[in-house]
Every structure is written in C-alpha cells, then in structure tokens.
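Step one of this worksheet: look at the structure below.
Values in this document were obtained by computation on a predicted structure and should not be read as measured data. Every chain is numbered from 1, with letters handed out A, B, ... down the list of sequences.
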Protein chains: 4
Amino acid sequence: MLKYNLLEAMKEQTKTDVKLTDKKQKIMEAAISLFAEKGYGNTPTSEIAKAAGVAEGTIFRHFGTKDHLLVSLIVPFLKDSIPLMAEELFEKLLSNHELRFEDFLRNLLRDRLLFLKQNKEIFQIIVKEFFYNEEIRHELIPYFAENIGSRLVQVIRTFQERGELSDQPAETMARHIFFSIGGTFIFKFVFGLNGSQDEEAEIESVVRFVMDGVRKIKEDSP
Amino acid sequence: MLKYNLLEAMKEQTKTDVKLTDKKQKIMEAAISLFAEKGYGNTPTSEIAKAAGVAEGTIFRHFGTKDHLLVSLIVPFLKDSIPLMAEELFEKLLSNHELRFEDFLRNLLRDRLLFLKQNKEIFQIIVKEFFYNEEIRHELIPYFAENIGSRLVQVIRTFQERGELSDQPAETMARHIFFSIGGTFIFKFVFGLNGSQDEEAEIESVVRFVMDGVRKIKEDSP
Amino acid sequence: MLKYNLLEAMKEQTKTDVKLTDKKQKIMEAAISLFAEKGYGNTPTSEIAKAAGVAEGTIFRHFGTKDHLLVSLIVPFLKDSIPLMAEELFEKLLSNHELRFEDFLRNLLRDRLLFLKQNKEIFQIIVKEFFYNEEIRHELIPYFAENIGSRLVQVIRTFQERGELSDQPAETMARHIFFSIGGTFIFKFVFGLNGSQDEEAEIESVVRFVMDGVRKIKEDSP
Amino acid sequence: MLKYNLLEAMKEQTKTDVKLTDKKQKIMEAAISLFAEKGYGNTPTSEIAKAAGVAEGTIFRHFGTKDHLLVSLIVPFLKDSIPLMAEELFEKLLSNHELRFEDFLRNLLRDRLLFLKQNKEIFQIIVKEFFYNEEIRHELIPYFAENIGSRLVQVIRTFQERGELSDQPAETMARHIFFSIGGTFIFKFVFGLNGSQDEEAEIESVVRFVMDGVRKIKEDSP
DNA sequence: GATGAATGAGGTTTCATTCAT
DNA sequence: AATGAATGAAACCTCATTCAT
C-alpha cells in the first residue's frame, strides 16, 4: 500500500520545502484536519478536495498519490520531532553536572508538550496510522528506536553512572518512561482528555510518577 | 458508520450465546485473524468468506452487517475482560488486610497477562479500532471509565487510606498506572515486542517501576 | 499493463470453461463487438456493461480486470484456431502423398476462411491489438512462431524434397506465403474489403499468385 | 475522435511548412518517438512535454489538440511518401521500353526501403494507428487507393500489354503485390524482424517471389 | 510565445450488501 | 441455512485542455 520509504523521503524533503503553492497549502491543511479526525483510510480524496476548495485532480497533480500526500504530511513532522530536542538536551546534559535527571525529564516534557501543541493534528495522524497501518509502523519503528530509544538509553546510563537512577536495565527503564510520557501525550492530544487544566501541574505529576512511583515515601523520623 | 451500541449489545448478547453454528464459528475465527492482522477497514468481507470457507452471503445471513460482525467479536471479549477480575480481586482485597498494593498489582498483571495471551487477536483488534474508529472509541471510553477507571480509583483510595500509597490524586495515579500496564500490554501483544523473555521478570519490572519509579533509593546510612 | 501470461491463461482456462453464466456470456459478446469496432483502449467498461445489460461491477466480478477480459476473449480463440489447423492439415499432408503443395494451400485457405468467417470479430481484435499493444505482441509472437512458423517451414521443406517447390530458404518462402495469406485475410475480415465476391475465385487467386507469381508464363512453342 | 481531414490538412500544410520553431520541432520529435513506441493512445501529452523539455501548455499553443499533433506528424510523411515515387518511377517507366517489370519492382523496393529507413518511426505510427483508429483509417484508405492503388494498377496494365505479366485482373495482382511488399516492410520496420541482414538479398527475395512464386521451375530439357 | 497550475469528466476497480435459488 | 451472482455507489487516479501570468 505504502510505496514511499519514509526515511528516503525525509532526506529528499529538504529540496522541495519552500515552494508551497496556495492550493497545495490548502490541500495539506484540509488533509491534516480530515486525516486527524477520521483517519487516513476513512477520508476520501473527494472530501479533501471539497474541504480545500480545489478540484480533486489538483490533489493528484501535486501529490501524485493519496499515499504520497500522507507521507508529505508526516515527514516534516518527523524530521522536526526528534533530533532537535535530543541534540540540544543531550549537550546541556553533558556539560552541566548540576542538571538532575528530573530536570532533564521536566525539560523534555515541556519542550515536547509545546511542540505537540503546535502539531497536534499531525501527531494524531501518526499515532492512528501507527496502530492501523502496518507499513507505516514498519517504517517508523526503526526510526523511533534509533532516534528516541537509543538516545534515551544513553541519557539513562549517564545518570545511572552519576548514581541518580536505580540500576535496572536502562532499556527497561526507557520503555517505562516512554509509556508514561507517550500515554500522557496520546491521552491529551489524540483523545483530548486532559489530566489537569494546569499544564505545569500535569508535568510535575508525570515527573513525580516516573521518579518515585506511587509508594508512600516513609519520612525518616529523627 | 457503527450502528450498534456496544453496551446494549453486551446485554443482549447473553441470549444468543450458545448456538454457534459451525459456519458462524468459522466466520468469526477468520474475521478475528484478519481484523487483527490488517485492521477492520482493510479487510474485505470477500476475504473473510474465503478464509472461512463460506459464501460471502453467509456472513450477512449471520451478522447482517460487517459492522455487526466486528461488534460480535468485540463484545464477549469486553464482557469477560473486566468485571470478573475486578469483582474478585476487589473482594479479596477488602477481606485480606495482609495484601499489599504491590501484590494487588502483581495479581492484576498476572491475571490479565494470562487473559490476553488467550485473547491476543481480539485485543489487537480493539486497540487498533480504538485508535482508528471514532465510534468504537466513543462506545468504549465510558465503558472503560466505569469498569476500569473507577474501580482502580477505588482500590487506590483504599490503599491510600491504609497509608501504602502517596497522596497524589487517585485519578492521576490511576492514569499513570494504566499507561504503564497498557503500554506494556500493547507493546507485547499488539506489536509483538517482548520486554523480556521471562514473564515473571517482566511483571516485576512493571511493579517495581510503578511502585518506586526510577530513582535510586538512598540507603539509610546509620 | 497486461499481467496475464496468455499461454498460462490458456491452460487454466480449460478448467473453468463450461460454466458460462448468462451474464458472463453477454459481457463477452458485448466486449467482442465493442473491442472489434473501437479497439480495446477506446472502449470503456461502462459501455461494455451498458451494451451487455449488466452492472459495471459484474464485469469485474467475472473477469477481475479489463485486461483479463481481453485475454479471456483471445485465448479460447487461439486455442481453437492454431493447433487445430496445424495438427490436422499437417497430418492430412503427411498421409497423402498425392497431395500437391497447391492443394495443401487451397485446403489451408478454405479451412481458415471458414474459421475466420465464424470468428471475424475476435480476429479483428487480435489483429488490432497485435499492432497496438506491445505486451499482446510479445505474448503472441513466440506462439505464432512455434505453431505456425515452424510447421509451415516443415511443410515447405517436405515439398521442396519432393521437388515441387523452388530452393529458396524455407523460412523466406514461409514468410512470403504468410504475408500473402495474412494480407488477404486482414483486408477481408478486418477492413471489410473483399477481393472478389466469389470466394472460390479469391482462393484460386491467392494460390495462383503464391505458386507462380505475376509473370506471364511463356508457352513452349513446339 | 479525429476532427481533421487529412487530405485537407495536407493542402493547408504547405503554407505553414517552413517556420518550425525550435520548441515546435522538439515537440514533434518527442511525439514521433513516443507515438511510435507506445502508440498514440498510450502516450500522455504530459510525457511528450517532458520528453521535449517543454511545458505541457506549449503543445496546445502550437497544435491545439493532441489529435492535431498526430495529424501534423503524419501529413508531411504522406505527402512525401507516395507521389514522389509514383510520379518519378512512372515517367521512367513510360519512357524506357527496356525496363522490365521486375526492374520496376526492384527500383520501387529500393527507393521505398531507403525512404522508410529514414522515416521508420512515422511509418510505425501510421501502421499502428491505421489498424487501431478507425478515423485515421477512413481518412487514409481513399488516399492510398488513389495514390498507390490506382497507379500500381496502371503500371501493371502497361506491363500486361507488353506481355510481361499474366492476365489476371490488374486489381487483384496489385493487391497481392501490395501485401508482399507491405508485409515485408511492416515486419522489418514495425516489428524489427529482418528477413535477412543483406538488404539487396532481401529485395531479390521479394522480387523473385512476386515474379515467379514458389513453384519449382521445370527446366526444359532439350 | 511560453508556462504550468488547475480543472473535471471519465476511467478502472473495490466492496458491502441484496436476493433468487 | 446457505449460496454466489449481481449490484452500484464510491474510491483512486489519469489526462486533454484551459487560462492567468
């Protein structure tokens, strides 16, 4: 079904970035809304055309295929979604020995929350298609593994060496952290179920859960 | 798209439970495999018919609609999936003051792991459709909220009163726990990515993360 | 474009041969007429459906593809037309030593003329598509080469040995004969241009041209 | 489908002959290659434009219609292809009583072979479209009948009067000769199947077949 | 003259559903 | 109960042609 290699597409994408026609822009916006709302497979191109105020043929003139339209929406998101954060925070982390793991977590959460607030609909599309579309999944899993997984593991190992984190396998911890953050984001941005109106409180709640779990901490009596 | 109310369907289902014709059974089995693999929307009824060794018309004779076939698969799973466990464990919990929260968690994980091992494919279907199909989602969310959410909250409150759990809002804690468990199950059963070959170790890892998070526990120096 | 191997299809076709539904028959008849008249590429399936008094979907239920519909028309024709001629006439030839080459030619022409009168429209389709459709051509050429070409060459060699035919290369002679006969048939059945109203006279004219060319035969003066 | 009268077009064409823009020339060359290779109906204008290094609109600015582009390619070829040969050879023939019919044939074949070697692709286009496109066929048949048919008949009659050719109806003989020559050219230039590497030998083979057929000529023993 | 974005009619194909047998 | 041929709406996509720049 998917005939496009996402990683290839990401590399090529740089060239064709700027020249967004008016109509092309309209099509992309309409497609983003509709795919996010109803899913790629449940959105006919005719409806996209109508929503974009464009003839159906125009979609195919610009994107060739419905598949390729989807890819064109996803790719720039993916390009932005990971490396920036990782690179930057990673350096901060290495250079600043004052930074504790929970600060790292807090930063990460704040940064990604902001990013996803600005890219809510594409995030919805990706999550939905990730579950539904095996080809999308097969394209993305290695990308995530490399860009999120292995970097997070590195960070965890660094903090383990500093004695801040427990000595469970770093991969296991990374997975648990990923579920906690991912679950929170999916709930919030895909299903629109906010944990709390206060964003800062929400972040703190995740940080606290990830750091210390649910157990009541015994206060050391003097 | 979905014309069936799942909760209604669940109630009605009791009547028609036993009389599963040979052909009807075949159809359901074929549909489960195919929906799990490719998703409901990507599976033509013709393919189900072929896989079941049945004429296409037979599907509609038994289920009326493709939608209704999906519902017929999901409903018994949902009926089995929650109440039983909750009821039982809840009573055990109340009657047994020795049971700690982490034992509750451990039991819950073991029990559901067993259940999902036996119902892997239907779990896959539900997860996929939950993300992709808004109507399914709208049907299921209240059901989950009531049957999982509120019961888990009750349990948490009970243990909070016993002084075992921290005093964060119970709803928040329930959500975090749900993400940790749900994420683990989805990874394992939907994407086939096992955290560990040893199931018992996997359970312990979740329990430990949920209970104590990732922070290195300071040993009390004398 | 064409995804079917004609020779393979021919074999498969034997199995499914008999069960020609009413509608399937109607579709094939309509398709033959329309393809012959306007060519395959200029005939929409919608028009075939209308002409056959059938829903458009029915065409695809029976033939899967427009391509496959074309193949389904051509294949049985070729199955009947070529081996029969080759086998039968070839045997007649070998068994009867009285038979002269021009009798062989006469028989061949009579036989094929009769056959093409009954299958005029399919012959039209094949000729048109043979010129227009490279894939059809690539499928058919080896089949013709083997079944017509090489057998005709054998016949020619036999008669050369008997001293009836000149000693040009048999392949060359076969080609010239093929052009003479093929040209005549195409003119008659594809373009509807009859050489003569009297069929027997037409045959004789071909035989005479092939045997003796156009030169005035000098009468031996005593 | 075809809205242009070829004969009319040929007349008009004289006026617009010389002023071939650079772009117009490019378009025509690209179209010739593509039409010859894939056929008119299977060649999108977009592809012609790309191959010509020209915008799609430019094609329509110059030719108005895809149909008209086809006609613009065919017409000058036809103008060159027949009259020249006929006029010239005919005069040679009438003035030179030494010229035998087989010399006429030989000259004709040599001349046209050279011409077609230089116009192979357009010949391919015309043959393909002649078979496929009824309107093209209806346009061309009278043209051929008049320019080739009737002149050839005249030549044949002349030689019949000189006692060189047999007394079959001249029309019939013309048709047989046309098939022999036409078949040879189509095989060679449309299907790329050469009868012989040696062109002169190929010509002789046609001449011999046309003149004397395939029969072994009995040598008169004294 | 030249462009190329835009069009929209029309093409092939898919598929849930119906219904006579 | 079971069949499977038939349906036709709707999906994706192609392409000759137009037109503002």
*asked:* Working to the nearest 0.5 angstrom, can you tell me the gap between Lys128(A) NZ and Glu37(A) CD?
replied: 7.5 Å
_Between Glu56(D) and Thr45(D), do the side chains contain a donor N or O and an acceptor N or O under 3.5 Å apart?_
yes
*asked:* Output the rounded distance in Å from NE2 (His68(A)) to C1' (dT14(F)).
replied: 17 Å
*Backbone N or O of Thr43(A) within a donor-acceptor pair of the Lys66(A) side chain at under 3.5 Å?*
yes
*Phe63(A) versus Leu70(A): any side-chain heavy-atom pair under 4.5 Å?*
no
*Phosphate oxygens OP1/OP2 of dC15(E): is one of them under 4.0 Å from a side-chain N or O of Thr45(B)?*
no
*Within the structure, does a side-chain N or O atom of Ser46(B) lie under 4.0 Å from either OP1 or OP2 of dC15(E)?*
no
*Are Lys23(A) and dA5(E) close enough that a side-chain N or O sits under 4.0 Å from OP1 or OP2?*
no
*What is the distance, rounded to the nearest whole Å, between atom NZ of Lys24(B) and atom P of dT3(F)?*
15 Å
*Could you state the CZ-P distance from Arg61(D) to dG4(E), rounded to the nearest angstrom?*
14 Å
*asked:* Between Gly57(C) and Gly57(A), which residue's closest nucleotide on DNA chain E lies nearer the 5′ terminus?
replied: Gly57(A)
*Closest-nucleotide ordering on DNA chain F, the 5'-leading residue of Glu56(B) and Thr43(A)*: Glu56(B)
*To the nearest angstrom, how far is Ile59(A) atom CD1 from dC12(F) atom P?*
9 Å
*Quick one: Glu47(D) CD to dG4(E) C1', roughly how many Å, whole number?*
17 Å
*State which of dT3(F), dA2(E), dA16(F) makes the closest approach to the side chain of Val54(B).*
dT3(F)
*Just compare dA6(E), dT13(E), dC13(F) and give me whichever is closest to any side-chain atom of Phe60(C).*
dT13(E)
*Compare all side-chain heavy atoms of Val71(B) with those of Thr65(B) and state whether any distance is below 4.5 angstrom.*
no
*Calculate the interatomic distance between Leu34(D) atom CG and dA16(F) atom P; express it in whole Å.*
12 Å
*What is the distance from CD1 of Ile48(C) to P of dT13(E), rounded to the nearest Å?*
10 Å
*asked:* Does dT3(F) have OP1 or OP2 under 4.0 Å away from a side-chain N or O of Thr58(B)?
replied: yes
_Shortest side-chain distance from Lys66(D), nucleotide among dT12(E), dT17(F), dA5(F)_ = dT17(F)
*Is the shortest heavy-atom distance from the side chain of Asn133(D) to the side chain of Asn42(C) under 4.5 Å?*
no
*Expressed in angstrom and rounded to an integer, what is the separation of Lys38(C) atom NZ from dG10(E) atom C1'?*
13 Å
*Which value, rounded to the nearest 0.5 Å, describes the distance between Tyr132(B) atom OH and Tyr40(B) atom OH?*
13.5 Å
*Could you work out which one of dT13(E), dA2(E), dT3(E) sits closest to the side chain of Ala55(D)?*
dT3(E)
_Dot-bracket for DNA chain F, please. Rules: Watson-Crick or G-U, both distances under 3.5 Å, ( ) within the strand, [ ] when a pair crosses earlier ones, | for another strand, . otherwise._
.||||||||||||||||||||
_Separation of Ile125(D) CD1 from Ile32(D) CD1 (nearest 0.5 Å)_ = 6.0 Å
